[in-house]
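Data first, discussion second: the structure below is written as structure tokens.
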Amino acid sequence: MTLRISNIRWIIVVAAGLVSALLALLFASIVERRAESAQRQRPLQPIAPWESDSARWAVNWPRQFASWRQSEDSSTHTKWGGSYPRDLLAETPANVILFAGYPFSTDYKQARGHFHAVRDVHETGRDIDGSKGNWPAKPSTCWSCKSSDVPRLLAEMGAAKFYDTPAKDLFHAINHPIGCIDCHDPQTMALRISRPALIEAYERQGKDIRLVSHQEMRSLVCAQCHVEYYFRKDEQLNRKAYLVFPWDEGLSVEDMERYYDSYGFADWTHSISGARMIKMQHPDYELYTKGIHAYRNVSCADCHMPYKTEGGQKFTDHHIRSPLLTISQSCAVCHRWSEQELRSRVESIQDSVARSRSIAEDVLCKAHFDIAACQQAGAKDDELVEARRFLRRAQLRWDYVAAANGVGFHAPQEALRILTEAVDLAQQCRLQCSRILARYGITDPVQYPDWSTKEKAQALIKQFTKGGQPPRLIAAKP
């Protein structure tokens, strides 16, 4: 009996020790988070209020700056992504068809990361200054998320004037890529929002962004740019291209569709089908909010900017990239499996999303040509209203997933749900078209042209432009 009591006492002592150790770790974690969130360290060398040259910040924060400079490397690869130059039209020629009549059908390349943001704008074939003559010149709204010079220009000019200024007129003032000032207060290094569109989106929802937690800010500084947006025209306020996030109804694809429909908004009219289309940008934050990591309060920075330790100093890695390139620092902090197991799990999810996306792309392309076939049969615009509405809704959903980074991984179930709806809506469009064709005596299948390469697809959509000669999509009537 005495031995048994002694053993129980030892078990209690060990259990108490383990509980104490766990509480100590929890306390240390809380203290560390609070210290990090305060971030009231005064820099050794003062930094100007709108200092856009990140090199000037390096004297105070050398490790962060050194890791930021590593993003100059544009050769990183993962199975489904990376910062290396990729021609997304050559990789997926369906993109040319889906964006027919819009600048993305001319040039659509993988962005090479923050360090190359300004250079990528200058080198795009989408013609920001109008010099190439293939698209109209763009407003400076296009610069909003490309440079650390933007916060200064917004402060000097005001948002409305900055947005409405032609982009080419600010070429001389946009020199530095995305850097420190975009996310940090130079006096305290506290995270802050430097772009008004996010603040305004919160205000329209009745929320104050100043009240969010530090952990939320570790995602919201990314959400300044990694979101869906559009350029709103407002004749009453004399605004031509004011940057707005369409969040008033919510962050889901259905919420944003409802928002755009209430304004009767469209980015362009498709040159093959004549449907009024929405070009989704990169709704990374919106899709992330529907996923398990957001539910568990895991921030963007936790995965894409993991902590590093050098010389006993712990700091955030500013070489922002795919977590698949830093699995031990990013994923393995929470998931106790091998790197290969984690990579395989992520890639299997992305494989599924990519397959579904490819199916949606094929059906969408055919739907555009189905509407064109109806026009060739003699159908008028009023007969095509419903088919075009289905197609607009279908492509908006496909693009919500396709335009987001991560190949659906930020919210896999949501991504697959949306792609399934995209296919269903596109098929409903095609069903409508088959009924219209039947009314005109066309019962043979539509003769789809070849868009298997970027070059073939681009040559094809030129035939649907004004003065072009579209290919025959339906058999001639006997």
Side-chain angles (χ1 to χ4, degrees), residues 33-41 43 47 49-52 54 57 60-61 63-65 67-68 71 111 113-115 117 143-155 159 176-203 205 207-229 243-245 247 251 281-289 291 293-294 297-308 315-323 326 330 404-406 410:
R33 287 289 186 180
R34 285 182 176 175
E36 180 192 354
S37 65
Q39 292 202 47
R40 299 303 180 193
Q41 296 172 280
I47 302 170
W50 301 110
E51 181 55 70
S52 55
S54 295
W57 299 56
N60 297 304
W61 315 103
R63 291 182 174 86
Q64 289 86 341
F65 176 77
S67 63
W68 172 83
S71 61
H114 290 178
F115 191 89
W143 285 121
S144 297
C145 288
K146 306 301 183 184
S147 170
S148 58
D149 292 305
V150 170
R152 182 189 74 253
L153 293 170
L154 286 168
H176 299 97
I178 298 162
C180 308
I181 194 70
D182 292 302
C183 303
H184 291 284
D185 183 321
Q187 304 306 311
T188 65
M189 288 303 289
L191 294 174
R192 71 172 183 185
I193 304 302
S194 59
R195 303 304 198 273
L198 179 58
I199 299 171
E200 292 164 358
Y202 259 62
E203 289 174 346
Q205 297 176 79
K207 297 188 290 187
D208 188 340
I209 204 166
R210 294 172 300 179
L211 302 180
V212 304
S213 69
H214 176 68
Q215 182 67 357
E216 289 176 287
M217 282 293 287
R218 284 164 57 82
S219 291
L220 287 174
V221 290
C222 307
Q224 297 181 95
C225 296
H226 287 266
V227 291
E228 160 62 1
Y229 61 86
L243 182 62
V244 175
F245 296 174
W247 291 1
L251 302 185
Q281 304 304 327
H282 26 62
D284 301 322
Y285 177 75
E286 294 93 332
L287 190 56
Y288 148 82
T289 64
H293 290 96
N297 202 29
V298 178
S299 72
C300 303
D302 286 325
C303 300
H304 293 276
M305 302 175 66
Y307 289 114
K308 294 178 69 175
F315 66 98
T316 302
D317 186 356
H318 282 63
H319 183 188
I320 303 170
R321 50 189 166 156
S322 168
T326 56
S330 298
N405 290 289
H410 291 128

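The figures that follow rest on heavy atoms only: side chains count, while hydrogens, waters and symmetry mates do not.
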**Q.** Minimum heavy-atom distance between Trp50 and Ala155, given as atom pair plus value
**A.** CZ2-CB, 3.6 Å
Q: Without swapping roles, check the side chain of Ser148 against the backbone of Asp182 for a donor-acceptor pair under 3.5 Å.
A: no
Q | Nearest-0.5 Å distance that lies between atom OG in Ser67 and atom CE in Met305 | A | 7.5 Å
Q: Decide yes or no on side-chain contact (heavy atoms from CB on, under 4.5 Å) for Tyr285 and Leu220, but give the supporting numbers first.
A: CA-CA 8 Å; Tyr285 177 75; Leu220 287 174; 3.6 Å; yes
Q) Hey, what do you get for NE2 (His304) to CG (Asn405), rounding to the nearest 0.5 Å? A) 8.0 Å
Q. Taking all non-hydrogen atoms of both residues, which atom of Ile178 and which atom of Trp68 are closest, and how far apart?
A. O-NE1, 3.1 Å
Q: Measure the spacing between CD of Gln205 and CD of Glu200 and express it to the nearest 0.5 Å.
A: 12.5 Å
Q: Could you check if a side-chain atom of Arg192 sits within less than 4.5 angstrom of a side-chain atom of Ile181, using non-hydrogen atoms only?
A: yes
Q.
With rounding to the nearest 0.5 angstrom, report the CD to CG distance, Glu228 to Asp284.
A. 11.0 Å
Q) Are Glu286 and Trp247 close enough that a side-chain donor and a side-chain acceptor fall under 3.5 Å? A) yes
**Q.** Expected output: side-chain Asp317 to main-chain Lys308 donor-acceptor under 3.5 Å
**A.** no
Q. Going through the distances and angles, do Val150 and Arg195 end up as a side-chain contact (heavy atoms from CB on, under 4.5 Å)?
A. CA-CA 9 Å; Val150 170; Arg195 303 304 198 273; 3.8 Å; yes
Q | For Tyr202 against Asp208, the heavy-atom pair lying closest together | A | CD2-C, 4.3 Å
Q: Could you tell me the separation between the CH2 atom of Trp61 and the NE2 atom of His318, rounded to the nearest 0.5 Å?
A: 10.0 Å
Q. So, the side chain of Gln215 versus the backbone of Asn297: is there a donor-acceptor pair under 3.5 Å, distance only?
A. yes
Q) Just how far is it from atom NZ of Lys207 to atom CD1 of Ile199, taken to the nearest 0.5 Å? A) 13.5 Å
(Q) Using a 3.5 Å distance criterion without hydrogens, assess whether the side chain of Gln281 forms a donor-acceptor pair with backbone atoms of Ala404. (A) no
Q) Do the side chain of Ser219 and the main chain of Cys300 share a donor and acceptor less than 3.5 angstrom apart? A) yes
Q: Please check if any side-chain donor atom of Ser52 sits under 3.5 Å from a side-chain acceptor atom of His176, or the reverse.
A: yes
Q: Decide yes or no on side-chain contact (heavy atoms from CB on, under 4.5 Å) for Ile193 and Arg210, but give the supporting numbers first.
A: CA-CA 9 Å; Ile193 304 302; Arg210 294 172 300 179; over 6 Å; no
Q) Which of parallel (below 30°), tilted (30 to 60°) and perpendicular (above 60°) describes Tyr288 and His410? A) perpendicular
Q. Given side chains that start at C-beta, do those of Cys303 and Val298 come closer than 4.5 Å, heavy atoms only?
A. yes
Q: List the steps and the verdict of side-chain contact (heavy atoms from CB on, under 4.5 Å) for Val227 and His282.
A: CA-CA 5 Å; Val227 291; His282 26 62; 5.5 Å; no
Q: For Gln64 and Phe315, indicate whether the former's side chain and the latter's backbone hold a donor-acceptor pair under 3.5 Å.
A: no
Q | With sequence neighbours excluded, residues passing disulfide (SG to SG under 2.5 Å) with Cys145 | A | Cys225
**Q.** Atom of Arg321, atom of Thr326 and distance for their closest heavy-atom approach
**A.** NH2-CG2, 3.4 Å
Q) Where do Ile47 and Gln187 come nearest, in terms of heavy atoms and distance? A) O-NE2, 3.0 Å
Q.
To check you understand the geometry: which heavy-atom pair defines the closest contact between Gln224 and Phe245, and what is its length?
A. O-CZ, 3.4 Å
